[in-house]
Number of protein chains: 2
Amino acid sequence: MSAVLPAAPAHPFAAELRGATLRLARRLRLEKADDELSDGQTSVLAYLERRGAQSPAALSAFEHVSPPSMNRTLNALQEAGYVDRTPSSDDRRMVSVSLTDAGRAVVQETRRRRDAWLEQRLDELSADERHALTEAATIIRKLLEA
Amino acid sequence: MSAVLPAAPAHPFAAELRGATLRLARRLRLEKADDELSDGQTSVLAYLERRGAQSPAALSAFEHVSPPSMNRTLNALQEAGYVDRTPSSDDRRMVSVSLTDAGRAVVQETRRRRDAWLEQRLDELSADERHALTEAATIIRKLLEA
DNA sequence: TATTGTTATACTCTATAACTATA
DNA sequence: TATAGTTATAGAGTATAACAATA
């Protein structure tokens, strides 16, 4: 009885969740510490802060971007003083990209601004509504890991 | 006692909500009906479907993009057969941008794919968790309107 | 003269293909 | 010969400035 592509949506509210998520994300992305940074550059810095030093190949895979495009992004970030490139001593073909102190600072400031914007909106909600969003954040994280 | 910029976050879970939202949105944006369409083009089509015909100026404002950039986006969408441009008969400087049937179809197919992806993830959750996300979607919409 | 939209031009971001260095 | 990274080159997307048409 199961179908790979059901004719009717199993969870009609998925459309509501999709719309709300895309619009909130769109609004959040407007808040950043350095307006000169592109979305791609901002995202790479955030990923490095979250996961630690990475190879250019790992970054291009995560960002769904070609290796040459990531290379250009890394050139810009290095030029701006936000990342360092360190060749591996084991295998000299490999490079490790890591955040500088300035890079870490810009990531943290961007997060601070986004959170500040969000907290102002949360202030206008009831305690129950805030509680519901807290739970939702946890569930969404679980959903993404599945 | 109130401060415009509080020293400590009033709602520490804002960071969780921010992270979950940005990552879910990132994943959702990968699903689209026409891989040739850029994110900006996809977003313009969705906006036209949601709000009806709009002027180029209104679209560039909503997309936070310059009028010439929007003009180029509209050229591409018109070339692809997804939008029409109709001059106003009242004020001949003004243009109305509207979806063609093909444009409407590609918006709906993109939404269908995103919802299908999301519904598969929702299937792996409990009924309580799905209920929590339903409520969250409503609250987020309210939050964005504030 | 002001406004709406478009064209001119230049710069950034992206991609594919080719190249370098190392293994 | 294969792999990680980079460079070469070209195609979109974006911006500011200038222009055209209309009011």
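Throughout, protein chains are lettered first and strands after them, A, B, ... in sequence-line order, and every chain is numbered starting at 1.
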Exercise. Produce a footprint string for nucleotides 7-12 of chain D: one letter per nucleotide, 5' end first; B if the base is under 4.0 Å from any protein heavy atom, S if only the sugar-phosphate is, - if neither.
Key: BB----
Whole-Å gap separating [atom2] ([N]) and [atom1] ([X]):
| X | N | atom1 | atom2 | result |
| --- | --- | --- | --- | --- |
| Q54(A) | dG5(D) | CD | C1' | 16 Å |
| D35(B) | dT14(C) | CG | P | 17 Å |
| L59(B) | dT4(C) | CG | C1' | 14 Å |
| D34(A) | dT12(C) | CG | P | 14 Å |
| H64(A) | dA15(C) | NE2 | C1' | 16 Å |
| E79(A) | dC13(C) | CD | P | 12 Å |
| M94(B) | dT22(D) | CE | C1' | 11 Å |
| L77(B) | dG13(D) | CG | C1' | 13 Å |

Quiz item: So does T73(B) get a side-chain nitrogen or oxygen closer than 4.0 Å to the phosphate oxygens (OP1/OP2) of dT14(D)?
Solution: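 For dT14(D), OP1 or OP2 has a side-chain N or O of T73(B) closer than 4.0 Å.
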Self-check item: Contact nearer the 5' end of DNA chain C, comparing S96(B) with S66(A)
Solution: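 Per heavy-atom nearest nucleotide, the more 5' residue is S96(B).
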Can any side-chain N or O of [X] pair as donor or acceptor with the backbone N or O of [Y] at less than 3.5 Å?
| X | Y | result |
| --- | --- | --- |
| R114(B) | L28(B) | yes |
| T110(B) | A33(B) | yes |
| R121(A) | W117(A) | yes |

Between [options], which one does the side chain of [X] approach most closely?
| X | options | result |
| --- | --- | --- |
| S69(A) | dT4(C), dA15(C), dG5(C) | dA15(C) |
| R93(B) | dT3(C), dT6(C), dG5(D) | dT3(C) |
| P56(B) | dT6(D), dG5(C), dT4(C) | dG5(C) |

Quiz item: Got a second to check how far Q54(B)'s CD is from L99(B)'s CG, nearest 0.5 Å?
Solution: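 Q54(B) CD to L99(B) CG: 10.5 Å, rounded to 0.5 Å.
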Quiz item: Can a cation-pi geometry be assigned to R26(A) and F62(B), taking NZ or CZ under 6.0 Å from the six-membered ring centre and within 45° of the ring axis?
Solution: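 Here R26(A) passes the 6.0 Å and 45° test against F62(B).
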Quiz prompt | Contacting residues from residues 80-92 of chain A, given that a heavy atom lies under 4.0 angstrom of DNA chain D | solution =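 Under 4.0 Å from DNA chain D: R85(A).
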I want to check something: taking the side chain as every heavy atom from C-beta on, are [X] and [Y] in contact at a cut-off of under 4.5 Å?
| X | Y | result |
| --- | --- | --- |
| L48(B) | L59(B) | yes |
| E135(A) | D128(B) | no |
| N71(B) | P56(B) | no |

Exercise. Using a strict cut-off of less than 4.0 Å between a Lys/Arg side-chain nitrogen and an Asp/Glu carboxylate oxygen, indicate whether K142(A) and E145(A) qualify as a salt bridge.
Key: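 Salt bridge: no.
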